[in-house]
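Worksheet: one structure, shown below.
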Amino acid sequence: MFDVTDILILACAACMAGFTAGLLGVGGGMVMVPTLLLFHQSLGFAPDYIVHTAFATSLATVVPISITSALSHYRRGNLDLAIWRRWVVFVGLGGIVGGLIVRWFESRTLEVMFACLALLVAANLLRLRPVIIWSSPPRGLIWQGALPSLFGCLGAMFGIGGGTFNVPYLSAMSVPIHRAIGTAAGLGLGLAVPGVIGFALGEFTTPDLPAGQIGFISLLGVAVMAPLAVLVTPLGARLNSMIPARPLRVIFAVYISIVALRLLFF
């Protein structure tokens, strides 16, 4: 059974996830996954699938966050529709693959992989300026197809959406940071919906999942987190071009580093 404290923790995580997703283009899943792990542990979920459930529930919550964030950035002219049209099919294909293959990994393996990814994200957030590799988005199937597909797969697999990979990748292509964040939000929707379908299919291959779930997706977690995250996301997007993001990036980097170290060693 859950209590009021559990709900309040989920609510706070949802607000923080929505705000960081709108402001920094990264952070929704990095906030929600550790919180959902603790939440599902308190409910006594089976250890074999607790990480899978956290990833799937986080990704299901990313869907409305991505819609809200993408619309907010689009209204401000920060969503590059040309890039979005070229990439969205590839990230979607990667997303459904990620949602399907995650069940082949053990929970502890996924936990360690997520923690290592979180440390990489923290290191990227602490950089003074983005790495620029190309003066304009390169052409070719590898750059415009294979890598977006890989990012879609990993983003769905770990329940974190598209910003974690796509924002630095777009920045490396000389896409301005605000435009990179807005475009990544749109691509996050493109990978999250197919990824959620992949996670939902777990119901047919994992028959001993607890009640109140569709596949690996916890309906309670989504019901609590999604509405609050959607309410807060536009605020982060609105402040994206109004306040210096550097101090917030540092704070968030420290936070996810602590979370990652806890997952690795405790």
Side-chain angles (χ1 to χ4, degrees), residues 1-43 45 50-73 114 117-118 121-122 125 155-156 158-164 167 181 184-186 188-189 191-193 195-196 199-200 212-240 245 248-249 251-256 258-260 262-263:
M1 293 295 293
F2 60 90
D3 55 29
V4 175
T5 302
D6 293 324
I7 299 300
L8 289 176
I9 291 172
L10 283 184
C12 291
C15 292
M16 184 176 174
F19 182 76
T20 55
L23 180 68
L24 304 176
V26 61
M30 287 294 171
V31 174
M32 290 186 290
V33 167
T35 305
L36 286 164
L37 284 172
L38 294 174
F39 176 67
H40 292 132
Q41 284 173 355
S42 72
L43 294 182
F45 276 42
I50 195 168
V51 178
H52 304 71
T53 300
F55 289 168
T57 306
S58 173
L59 191 66
T61 308
V62 164
V63 173
I65 290 177
S66 295
I67 293 172
T68 307
S69 182
L71 287 174
S72 296
H73 286 292
F114 179 84
L117 175 61
V121 172
L125 286 169
F158 295 114
I160 56 177
T164 300
V167 169
I181 291 172
L189 176 63
L191 76 88
V193 172
V196 166
F199 275 118
Q213 293 193 197
I214 298 177
F216 291 115
I217 302 166
S218 169
L219 297 180
L220 174 61
V222 175
V224 172
M225 300 184 80
L228 290 171
V230 166
L231 287 175
V232 176
T233 298
L235 174 62
R238 192 177 304 120
L239 295 176
N240 174 263
L248 293 171
R249 289 169 68 92
I251 294 170
F252 187 60
V254 171
Y255 165 77
I256 61 175
I258 293 172
V259 169
R262 182 190 180 280
L263 291 175

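On a predicted model such as this, the values are computed, not experimentally measured, just so you know.
For the residue pair A253 and L125, the shortest heavy atom distance occurs at CB-CB, 4.0 Å. Nearest heavy-atom pair across A156 and G195 is CB-CA, 4.1 Å. Minimum interatomic distance between V259 and P34 (heavy atoms only, all atoms of both residues): CG1-CG, 3.3 Å. Nearest heavy-atom pair across T53 and S218 is CG2-CB, 4.1 Å. Taking both residues in full, the closest heavy atoms of C15 and V232 are given as O-CG1, 3.3 Å, listed atom of the first, atom of the second, then distance. When all heavy atoms of F158 and L117 are compared, the closest pair comes out as CD1-CD2, 3.9 Å.
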Practice prompt. In sequence, state the C-alpha distance, the side-chain angles, and the governing distance for L59 and V63, and then conclude on side-chain contact (heavy atoms from CB on, under 4.5 Å).
Written response: CA-CA 7 Å; L59 191 66; V63 173; 5.8 Å; no

Worksheet item: Given the rule in the side-chain contact (heavy atoms from CB on, under 4.5 Å) test, do L220 and F39 qualify, once you have shown the distances and angles that lead to the verdict?
Response: CA-CA 11 Å; L220 174 61; F39 176 67; 3.6 Å; yes

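Note that CD1 of I181 is 6.0 Å distant from NE2 of H73, once rounded to the nearest 0.5 Å. How far CG of L36 is from CD1 of I9: 11.0 Å, rounded to the nearest 0.5 Å. The distance from the CG atom of L228 to the OG1 atom of T233 is 10.5 Å, given to the nearest 0.5 Å. Atoms CD1 and CZ, from I160 and F55 in turn, are 8.5 Å apart once rounded to the nearest 0.5 Å. The CG atom of L37 sits 8.5 Å away from atom CZ of R262, with the distance rounded to the nearest 0.5 Å.
S58 contributes no side-chain N or O that, together with a main-chain N or O of M32, makes up a donor-acceptor pair within less than 3.5 Å. Side chain of S66 to main chain of V62: a donor-acceptor pair is present (N/O by atom type, distance under 3.5 Å, no hydrogens or angles). The backbone N or O of A17 lies less than 3.5 Å from a partner atom in the side chain of T20, making a donor-acceptor pair.
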